[in-house]
Participant: 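A single structure is presented below for examination.
Proteins come first, then strands; the chains are lettered A, B, ... in the order of their sequence lines, and each starts at number 1. Side chains included, hydrogens not; waters and symmetry mates left out as well; all remaining heavy atoms used. Since the structure is predicted, the reported quantities are computational estimates derived from the model, not experimental observations.
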Amino acid sequence: MKDSFFEKVYQVVAEIPFGRITTYGAIAEYLGSKGASRMVGWALNSTNKFPGTLPAHRVVNRKGLLTGKRHFGGTRVMADLLQSEGIEIKGDQILNFKEKLWLPEDIQ
DNA sequence: AATTTGACGCGGT
DNA sequence: CACCGCGCCAAAT
């Protein structure tokens, strides 16, 4: 374990329950660096190098918008995955976002 | 060692 | 609705 920011992000993302989602900001805050949500997104960028390792599609921005879908090789992949998990999506917006939201502090 | 970058957040114009 | 600037901070170059 490197305990690096990335590692922590990986851990948190890996704990996101099926059918739930969380936000960059929530993760950043949980990691003790509130406001450093950019780091989270960046960390997830590295995540792309480990396909299938993390459910990065369950991480969206604070509005529930799939802002990172473009990093999934296609613009519909992310939404598709989420919908497969029972999450309704309209455009880039997750419906019932608030209800599906999961926070690191609620970790299993 | 310094600068750039980034899948964000938020208020302002 | 579009665009802008600021804050935030670690990793990559």
Participant: Step by step, would you call A:Ile16 with A:Val59 a side-chain contact (heavy atoms from CB on, under 4.5 Å)?
Facilitator: CA-CA 9 Å; A:Ile16 303 176; A:Val59 185; 3.8 Å; yes
Participant: Hey, is CD on A:Gln83 packed in by over 12 heavy atoms from elsewhere, all under 6.0 Å?
Facilitator: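 Correct, the count exceeds 12.
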Participant: Check the distance between B:dA7's P and A:Asp92's CG and give it to me in whole angstrom.
Facilitator: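 These atoms are roughly 15 Å apart.
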Participant: Between A:Asp92 and A:Lys69, does at least one N-O distance fall below 4.0 Å, as a salt bridge requires?
Facilitator: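 Between A:Lys69 and A:Asp92 there is a salt bridge, with a charged N closer than 4.0 Å to a carboxylate O.
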Participant: Between A:Trp42 and A:Arg38, which is nearer to the 5' end of DNA chain C once each is assigned its nearest nucleotide?
Facilitator: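 Taking each residue's closest nucleotide, the earlier one in sequence belongs to A:Arg38.
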Participant: Does any pair with a residue in residues 37-61 of chain A pass salt bridge (Lys or Arg N to Asp or Glu O under 4.0 Å), and if so which ones, sequence neighbours excluded?
Facilitator: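 Pairs touching residues 37-61 of chain A that pass the test: A:Arg58-A:Glu85.
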Participant: Quick check: closest heavy atoms across A:Phe6 and A:Ser46, and the distance to 0.1 Å?
Facilitator: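 Scanning both residues, the minimum pair turns out to be CE2-OG, 2.9 Å.
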Participant: Heavy-atom contacts under 4.0 Å between residues 19-35 of chain A and DNA chain B, which residues?
Facilitator: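 Going residue by residue through residues 19-35 of chain A, the ones with a heavy atom under 4.0 Å of DNA chain B turn out to be A:Tyr24, A:Gly25.
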Participant: Less than 4.5 Å apart, side chain to side chain, heavy atoms only: is that true for A:Tyr10 and A:Thr53?
Facilitator: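 With C-beta onward as the side chain, the pair stays apart.
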Participant: A:Lys63 NZ to B:dG11 C1': how many Å, rounded?
Facilitator: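 Rounding to the nearest Å, NZ of A:Lys63 and C1' of B:dG11 are 11 Å apart.
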Participant: Quickly work out the A:Tyr10 OH to B:dA7 P distance and round it to whole Å.
Facilitator: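 Value for this atom pair: 15 Å.
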Participant: Taking atom types as they are modelled, would you say the side chain of A:Asn61 forms a donor-acceptor pair with the base of B:dA7 within the 3.5 Å cutoff?
Facilitator: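 It does not, because no donor-acceptor pair links the side chain of A:Asn61 to the base of B:dA7 below 3.5 Å.
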Participant: Could you check A:Ile94, A:Leu65, A:Thr22, A:Leu101 and say which one makes a side-chain contact (heavy atoms from CB on, under 4.5 Å) with A:Val60?
Facilitator: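 With A:Val60 as partner, side-chain contact (heavy atoms from CB on, under 4.5 Å) holds for just one option, A:Ile94.
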Participant: Nearest to the A:Asn45 side chain among B:dA7, B:dT5, B:dC8, which nucleotide is it?
Facilitator: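 Comparing B:dA7, B:dT5, B:dC8 against the side chain of A:Asn45, the answer is B:dA7.
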Participant: What parts of residues 64-88 of chain A reach DNA chain B, counting only heavy atoms under 4.0 Å away?
Facilitator: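 When residues 64-88 of chain A is checked for heavy atoms under 4.0 Å from DNA chain B, the hits, listed by number, are A:Thr67, A:Gly68, A:Arg70, A:His71, A:Phe72.
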Participant: Between A:Val13 and A:Pro55, which heavy-atom pair has the shortest distance, and what is it?
Facilitator: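 So the two residues come closest at O-CG, 3.4 Å.
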